[in-house]
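To start, the structure itself, in structure tokens.
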Amino acid sequence: MIREREDKRMIRLERIHGLEKELSLVNEHMERLLLSKNKGMQEVMNWILASKGKQIRPILTLLCARFGDRQIDVTEYAAIIEICHMASLVHDDVIDEASYRRGRLCVQKKFGQKMAVYAGDYMIFSIIGHTNCRLSNRHKKIYQMLEQLCEGELGQNSNLYNLDITLEKYLENIEGKTAILFELACSVGAMEGKCTQKMIKHMEQYGRNLGMMFQIRDDLIDFSSSLQKEGKPVCQDFSNGIYTMPIILACREKEYYMELKKLAQGDRERKITKEEVNKRVLEILIKSKVLEQCKEQIQSYYRKAKEALDILKDCDEKVLLYNLIGEIRDSCSSISFE
């Protein structure tokens, strides 16, 4: 189970003095910001908070703040960014009509679609009015970049069931819907830590390239048979009309393009069973050898992220940032379409 294995080894907080304590403060801020007077809403917030995942984004904020001239408390900023991320996932699951998130029932499945929409909205509104950071320039930057997140999601939505989507458009969409929050997490941490403008720029580049690696790897996992063990159907994105890098690359061959087009149409019209669609899609991806091309793309973003870190001072925090991109890259060796 790829994701479960990574949860255990990707971020080793104990390597950095005080990092676990800071992350605990982040979680305390999240609990404070997501308090609701409504009993039903608080039940939903508790459910969301109980499934926080790896919390890579707040950890990036905490780490990047340590490269500056002085130590500063960035835990509330880290909490704000993570709440924005979690709210976007709640809404994503409504749009995708998903059943599970991180191995548990997602909000829309457990509490209903209407409650999920309200919950996502509540999370965003809570950080507008209840945070102590709301008057700072960093807070404004957060919302400016959240606009880009929405634009990335809209770009993906406008290309649903479009097998003619270009690789360039796909990369633009994932930069907005995924990479932007990684970049934001690094940027806010570096700025609050009083890093130089050059360092801030490099940390933003690191975060952006890390985010691109993360999403492409996630899109590969969507076709991996290991998902069956996690309760998530294989080829879910394809069935939802979201055509990611493996499909886009396969469509460059006319033969595969025509076959995938027939499969997509048959799936939408329910003329072909899900099992048959999944089987044939995976056969095409194996024959077209797109897995290696996707891994090469991840390797390219890895190199860019690594280069962005090279100017930073040598320290344990830098080692952890290196290890993070290295482990995302190396985890791809476990992914197979067979």
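Only heavy atoms go into these numbers, but all of them, side chains included; no hydrogens, no water, no symmetry mates. Computed from a predicted structure; not experimentally measured.
Atom CG of Leu33 sits about 4.5 Å away from atom CD1 of Ile83, to the nearest 0.5 Å. In this structure, Glu259 CD and Cys251 SG are separated by 10.5 Å, a value rounded to the nearest 0.5 Å. One distance of note links OH of Tyr122 with CE of Met115; it measures 10.5 Å at 0.5 Å rounding. Here the OG atom belonging to Ser300 is positioned 4.5 Å from the NZ atom belonging to Lys304, to the nearest 0.5 angstrom. To the nearest 0.5 angstrom, Ser336 atom OG is 6.5 Å from Ile286 atom CD1. Here CG of Leu249 is found 14.5 Å from NZ of Lys289. Values are rounded to the nearest 0.5 Å.
Counting only N and O atoms by type, the side chains of Thr75 and Glu22 include no donor and acceptor under 3.5 Å apart. Side chain to side chain, Tyr322 and Asp310 meet the donor-acceptor criterion of an N or O pair below 3.5 Å. For the residue pair Ser36 / Asn38, no side-chain donor-acceptor distance below 3.5 Å is found, with atom types taken as modelled. Side chains of Glu307 and Asn209: a donor-acceptor N/O pair is absent below 3.5 angstrom, by distance only. Using a 3.5 Å distance cut-off with no hydrogens or angles, the side chains of Asp219 and Tyr170 do pair a donor with an acceptor.
A donor-acceptor contact shorter than 3.5 Å is absent between the side chain of His29 and the backbone of Ala79. Remark: side-chain polar atoms of Ser187 are not paired, donor with acceptor, to backbone N or O of Glu183 under 3.5 angstrom. A side-chain donor-acceptor contact under 3.5 Å links Asn46 to the backbone of Gln42. Remark: side-chain polar atoms of Asn159 are paired, donor with acceptor, to backbone N or O of Gly155 under 3.5 angstrom. For the pair Thr178 (side chain) and Glu175 (backbone), a donor-acceptor distance under 3.5 Å is absent. Of the possible donor and acceptor atoms, one in the side chain of Thr61 sits under 3.5 Å from a partner among the backbone N and O of Ala185. A donor-acceptor pair under 3.5 Å links the side-chain atoms of Asp222 to the main chain of Asp237, judged by distance alone. Under the 3.5 Å distance criterion, the side-chain polar atoms of Asp96 are left unmatched by any main-chain donor or acceptor of Ala98.
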Checklist entry - Does the side chain to side chain contact (heavy atoms under 4.5 Å, CB included) test come out yes or no for Met123 and Met45, once each step is laid out? => result CA-CA 9 Å; Met123 295 170 77; Met45 293 300 106; 3.8 Å; yes
Next on the checklist: Does Leu19 form a side chain to side chain contact (heavy atoms under 4.5 Å, CB included) with Leu320? I'd like the steps, not just the answer.
Outcome noted: CA-CA 12 Å; Leu19 189 58; Leu320 191 57; 4.2 Å; yes
Checklist entry - Under the side chain to side chain contact (heavy atoms under 4.5 Å, CB included) criterion, do Phe67 and Cys195 qualify, and how do the steps go? => result CA-CA 6 Å; Phe67 287 90; Cys195 293; 3.9 Å; yes
Next on the checklist: Run Leu181 and Leu184 through side chain to side chain contact (heavy atoms under 4.5 Å, CB included) and show every step you take.
Outcome noted: CA-CA 5 Å; Leu181 278 184; Leu184 176 63; 4.0 Å; yes
Item to check | From CA spacing to verdict: salt bridge (charged side-chain N to carboxylate O under 4.0 Å, His left out), Glu153, Lys177 | outcome: CA-CA 5 Å; Glu153 293 284 5; Lys177 79 185 192 77; 5.1 Å; no
Next on the checklist: Walk me through whether Glu204 and Lys201 qualify under salt bridge (charged side-chain N to carboxylate O under 4.0 Å, His left out).
Outcome noted: CA-CA 5 Å; Glu204 289 175 341; Lys201 181 179 179 181; over 6 Å; no
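Connection of Met258 to Leu285 is established within a shared hydrophobic cluster, with ILVMFWY side chains joined at heavy-atom distances below 4.5 Å, either directly or through further cluster members. In terms of hydrophobic clustering, with Ile, Leu, Val, Met, Phe, Trp and Tyr side chains grouped at heavy-atom distances under 4.5 Å, Leu171 and Leu149 are assigned to a common cluster. No single ILVMFWY cluster, assembled from side-chain heavy atoms under 4.5 Å apart, contains both Leu63 and Val319. Both Leu160 and Phe238 are assigned to one and the same hydrophobic cluster, defined by single-linkage of ILVMFWY side chains at heavy-atom distances under 4.5 Å. Under the 4.5 Å side-chain heavy-atom criterion for grouping Ile, Leu, Val, Met, Phe, Trp and Tyr, Tyr161 is not connected to Ile95 through any hydrophobic cluster.
Under the 4.5 Å side-chain criterion, counting only non-hydrogen atoms from C-beta, Ser224 is not in contact with Phe337. A heavy-atom distance below 4.5 Å is found between the side chains of Tyr206 and Leu324. The shortest side-chain heavy-atom distance between Leu291 and Lys295 falls under the 4.5 Å cut-off. Two residues are said to be in side-chain contact when any heavy atoms from C-beta on lie closer than 4.5 Å; Ile165 and Asn173 meet this criterion. For the pair Arg217/Ile335, a side-chain contact is recorded, criterion being any heavy-atom separation below 4.5 Å from C-beta on. Side-chain contact check for Asn27 versus Gln55: some heavy-atom pair is nearer than 4.5 Å. Residues Arg280 and Ile272 are in side-chain contact: their nearest non-hydrogen atoms beyond the backbone lie under 4.5 Å apart. In this structure, Asn157 and Ile242 have side chains that are not in contact, with every pair of non-hydrogen atoms separated by 4.5 Å or more.
Among all heavy-atom pairs drawn from Leu34 and Ser126, the shortest one is CD2-OG, 3.6 Å. When all heavy atoms are compared, the tightest approach of Ala87 to Ile124 is CB-CD1, 3.9 Å. Heavy-atom minimum distance, Lys109 versus Leu105: CG-CD2, 3.6 Å. Val107 approaches Val44 most closely through the heavy-atom pair CG1-CG1, 3.7 Å. The minimum heavy-atom distance linking Gly120 with His91 is given by the pair CA-NE2, 3.5 Å. Between Ala250 and Tyr256, the shortest heavy-atom distance links the atoms O-CB, 3.4 Å.
Atom NZ of Lys318 is surrounded by more than 12 heavy atoms from other residues, nucleotides or ligands within 6.0 Å. Open room surrounds CD on Glu253; 12 or fewer heavy atoms of other groups in view lie less than 6.0 Å from it. Within 6.0 Å of atom OH in Tyr257, more than 12 heavy atoms from other residues, nucleotides or ligands are found, so the atom counts as buried in its surroundings. Heavy-atom neighbours of Gln299 CD from other residues, nucleotides or ligands within 6.0 Å: above the threshold of 12. Atom CD of Gln293 is surrounded by more than 12 heavy atoms from other residues, nucleotides or ligands within 6.0 Å. For Lys279, the NZ atom is loosely surrounded, since the number of other residues' heavy atoms within 6.0 Å does not exceed 12.
Classification of the Trp47-Phe111 ring pair by plane angle, with boundaries at 30° and 60°, yields perpendicular.
The pair Glu76-Arg32 meets the salt-bridge criterion, with a side-chain N (NZ, NE, NH1 or NH2) lying under 4.0 Å from an Asp/Glu carboxylate O.
Annotation: cation-pi pair Arg208/Phe182 absent, no NZ/CZ under 6.0 Å from the ring centroid and within 45° of its normal.
Across Lys110, Arg102, Arg101, a single residue satisfies salt bridge (charged side-chain N to carboxylate O under 4.0 Å, His left out) together with Asp93, and that is Arg101.
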